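Comments concern the structure below.
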Amino acid sequence: MKKIFYSFLGWSLMMGAVWSLASCDDFFDPDTDDELNGEDYISSDTEMYTGFLGIMTKLQAIGDKEILLTDTRAELLEPSDDSSPEIIALYNYDNNLQGNTYADPSSYYEVIIACNDYLVKMGDYRNEPGVDDGIWQDLVSSAIRIKAWTYKTIAEIYGQGVWFDDPITKVTDITAANGFTKMDLPQLIDKCLELMDNGVYGVATNRTIDWIAWLDPSNVTNIANSAYRKWNWMVPPYEGIYAELCLWKGACMDKDFAGSTLNPASTAYYKKAADVLLSILTYYADCKYMTTPADPGSTVYWLPSAATPGKYGSNWNYAQPYQSEVVAALIYDYTKNQTNTLLKHFSNEYPNKYWLRPSQTGIDRFLDTDFSPGATNQEARYKCMFGTYNGQNYIAKFRPVGSSVRANAYQDDVHVYIYRATQYHMLLAEALNHLSRFTAMNGVFNTGVTKEIYVDGAPEWEGFSRNWTSDAEWGTRKYPSAGLRCCYGLAARPVKTTILELGERGTMKFNDLAILDETMLEFACEGKTYASMNRMAVRYNDLNIIADRVCPKYETTGKSGDIRSKILAGGNWVPYDLLLDDQQ
């Protein structure tokens, strides 16, 4: 009998309470035993929502997994003296991680199982009388995106995966004996793109849910006053997923391309990535969500600007991350027993375990002016990244900033970002680089899209608008685009804007590595840097790209050469057998 649990963040399945909103906190019940059996079809619009929240429960459960799994193997972290054997095995790139709970992909597949089961039930429910078809499509679209994002995550961690669309009961059903087969990275990316392009039941994959309209309709036009505004962050967005998939597709196609110029086959995917990112970024730059365009502070993070450093520290306050930076996030609340384990791993205060810490090599990289021109310990990112307590360095990104930090050692409920607006700009820079739009790439990445370089209507600036610049349509913009680097007051990172020296492909690789190095600073310990390393390594068929950045932290223990050998032998992918009956 198939069963799927319908709860999110411990919300119980209380239909009447949902609609009456008599006590919305009744949803936050971590001890709920409510479940629906597989033969119990969705029978109301309320159950459409609550069934979807069951998927979100599974998604929340994997919120910290990629951070702990991949950043342990990436360039910054190392095990503490009290670390666990499983973490040490990850750190040492052990060849056999079977049974390692960090490496085990089962929780990702539980998300897939929940999505598949929900989509089947929704297909049956659509034919019932009185269905709100708009809501139905919004929820189906969101479930599809969660499935695509989860498979993308599996692909970038393991380099392979088991794709299935039919509903199954449990992860242990995923066996070769049951007819399941593994797909490699390019195949998984193709399946994800096919799903995003075609949807399910003909439903477009770019539809969104307005949770405020459902749970708090009186505040639809006053979102800031709604207790549910964070709920609109919960589902991975179309633009972020599609752009990343297109970048991965381009990388897979470029892997064996020996030419010194553009690969014409992959260029189309880089253009798709650039177009979809610019569609949302320019939407916010143009303030099209406003009745009367102005220069609102709410858009400053959609365009990294002079306002960015003053806001950066607030990003990591688990209680209230800076609103405009969040594109999608998994939310937690320790007062309702909704937690992850990030503080447990990174904090050295009781009752936490302090199993992972920043390596000195990693800390030094943040201050290395050769690696990051203009780097200083006063940079907002550095101050937000590292702390010292009782003589021990710790990752401070998951702790609130300020004097109250010591009082909150038990509040392990930092939000986990799926996408940030800054990440969209980093992905855009990568896409522009592979379209040979080097001036635009340098503007987004380094100097900002300024009125001095922006040319309205020019092919280089397709998809942008003058509203990125200080010379906006409605007058002088107070916070124009300042670029990913220069918004922090840092010197531009060297990139190539012509192909004269290195040729077209050589220029792109030089710029890609600059983008990757900046990713290591901007997204440290967010579960994003190692995936970016893997994508660059795939694109250029060069695993040294990973080894060159990861191995320095092992030099103090004499393991650098051994780790490099393991990475160059394919150890960049987490070695875990995904078909349970194939395990030897």
Side-chain angles (χ1 to χ4, degrees), residues 9 59-80 82-84 87 90-91 102 230 233-234 311-323 325-359 362-363 366 379-390 392-420 422-423 519-531:
L9 309 181
L59 192 63
Q60 185 206 27
I62 63 172
D64 56 10
K65 186 174 181 65
E66 191 170 14
I67 295 173
L68 299 173
L69 174 56
T70 65
D71 279 297
T72 299
R73 296 158 60 88
E75 81 293 344
L76 176 61
L77 298 177
E78 66 181 13
S80 71
D82 299 320
S83 195
S84 71
I87 289 176
L90 288 179
Y91 178 78
Y102 293 89
K230 294 181 182 180
W233 300 343
M234 296 188 301
K311 300 293 187 180
Y312 194 89
S314 300
N315 285 352
W316 309 108
N317 184 330
Y318 59 85
Q320 188 65 46
Y322 185 70
Q323 306 301 313
E325 168 71 339
V326 184
V327 179
L330 297 175
I331 59 177
Y332 302 82
D333 184 345
Y334 85 98
T335 66
K336 299 177 175 64
N337 292 330
Q338 304 152 21
T339 62
N340 52 56
T341 66
L342 293 174
L343 199 57
K344 175 183 178 182
H345 282 80
F346 291 118
S347 172
N348 62 349
E349 302 164 87
Y350 180 83
N352 299 302
K353 301 299 182 181
Y354 189 56
W355 285 333
L356 286 165
R357 66 190 178 197
S359 65
I363 295 173
F366 272 74
E379 182 190 350
R381 293 183 298 185
Y382 178 88
K383 291 192 294 183
C384 185
M385 188 71 215
F386 305 111
T388 302
Y389 182 63
N390 283 343
Q392 295 175 313
N393 294 323
Y394 68 93
I395 297 296
K397 184 176 266 190
F398 305 110
R399 303 285 275 130
V401 181
S403 60
S404 64
V405 66
R406 303 274 73 83
N408 300 302
Y410 55 87
Q411 296 181 13
D412 207 346
D413 59 359
V414 62
H415 299 338
V416 176
Y417 287 147
I418 300 175
Y419 289 104
R420 298 199 274 126
T422 302
Q423 187 181 2
T519 297
M520 290 160 54
L521 301 179
E522 180 65 33
F523 302 108
C525 295
E526 292 184 47
K528 305 180 191 304
T529 58
Y530 199 71

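Quick caveat, the model's predicted, so the values are computed rather than measured. Index from 1, following the sequence.
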Taking the side chain as every heavy atom from C-beta outward, state whether [X] and [Y] have any atom pair closer than 4.5 Å.
X: V416; Y: E66; answer: no
X: Q423; Y: Y417; answer: no
X: T388; Y: Y394; answer: no
X: L77; Y: C525; answer: yes
X: E325; Y: T422; answer: yes
X: L68; Y: L342; answer: yes

Residue list, ring pair (Phe, Tyr, Trp, His ring centres under 6.0 Å) with F346, at least two apart or on another chain | F398
Applying ring pair (Phe, Tyr, Trp, His ring centres under 6.0 Å) to Y102 and not counting sequence neighbours gives H345
Can any side-chain N or O of [X] pair as donor or acceptor with the backbone N or O of [Y] at less than 3.5 Å?
X: D412; Y: L343; answer: yes
X: N352; Y: Y354; answer: no
X: K528; Y: M520; answer: no
X: N390; Y: Q392; answer: no
X: D64; Y: N340; answer: no
X: Y332; Y: Q60; answer: yes

K353: side-chain contact (heavy atoms from CB on, under 4.5 Å) partners, not counting sequence neighbours | K344, W355
Counterpart residues, side-chain contact (heavy atoms from CB on, under 4.5 Å), relative to T519 (two or more places apart) | M426, I515, F523, T529, S532
Using a distance-only test with no angle check, is there a side-chain donor-acceptor pair under 3.5 angstrom linking D413 and T339?
-> no
Which pair of heavy atoms, one from [X] and one from [Y], lies closest together, and at what distance?
X: I67; Y: G527; value: CG1-N, 3.6 Å
X: A524; Y: L76; value: CB-CD2, 4.0 Å
X: G387; Y: A396; value: N-CB, 3.8 Å
X: Y389; Y: N348; value: O-ND2, 2.9 Å

Hey, mind stepping through I418 and V327 against side-chain contact (heavy atoms from CB on, under 4.5 Å) and telling me if it holds?
-> CA-CA 8 Å; I418 300 175; V327 179; over 6 Å; no
When rounded to the nearest 0.5 angstrom, what is the spacing between [atom1] in [X] and [atom2] in [Y]?
X: L69; Y: I62; atom1: CG; atom2: CD1; result: 11.5 Å
X: L356; Y: I87; atom1: CG; atom2: CD1; result: 4.5 Å
X: E522; Y: M385; atom1: CD; atom2: CE; result: 11.0 Å

Using the side-chain hydrogen bond (donor to acceptor under 3.5 Å, both in side chains) rule, take D82 and S80 through it: C-alpha gap first, then chi angles, then the decisive distance, then the call.
-> CA-CA 5 Å; D82 299 320; S80 71; 5.2 Å; no
Applying side-chain contact (heavy atoms from CB on, under 4.5 Å), run through Y382 and I363 and close with a yes or a no.
-> CA-CA 9 Å; Y382 178 88; I363 295 173; 3.9 Å; yes
Start with the C-alpha distance between R73 and Y530, add both sets of side-chain angles, then the distance that settles side-chain contact (heavy atoms from CB on, under 4.5 Å), and finish with yes or no.
-> CA-CA 8 Å; R73 296 158 60 88; Y530 199 71; 3.9 Å; yes
Tell me, please, which residues at least two apart from E379 pass salt bridge (Lys or Arg N to Asp or Glu O under 4.0 Å).
-> R381
With sequence neighbours excluded, what pairs up with E78 under the salt bridge (Lys or Arg N to Asp or Glu O under 4.0 Å) test?
-> R357
side-chain contact (heavy atoms from CB on, under 4.5 Å) partner of D333, the single match among N337, I331, T335 | T335
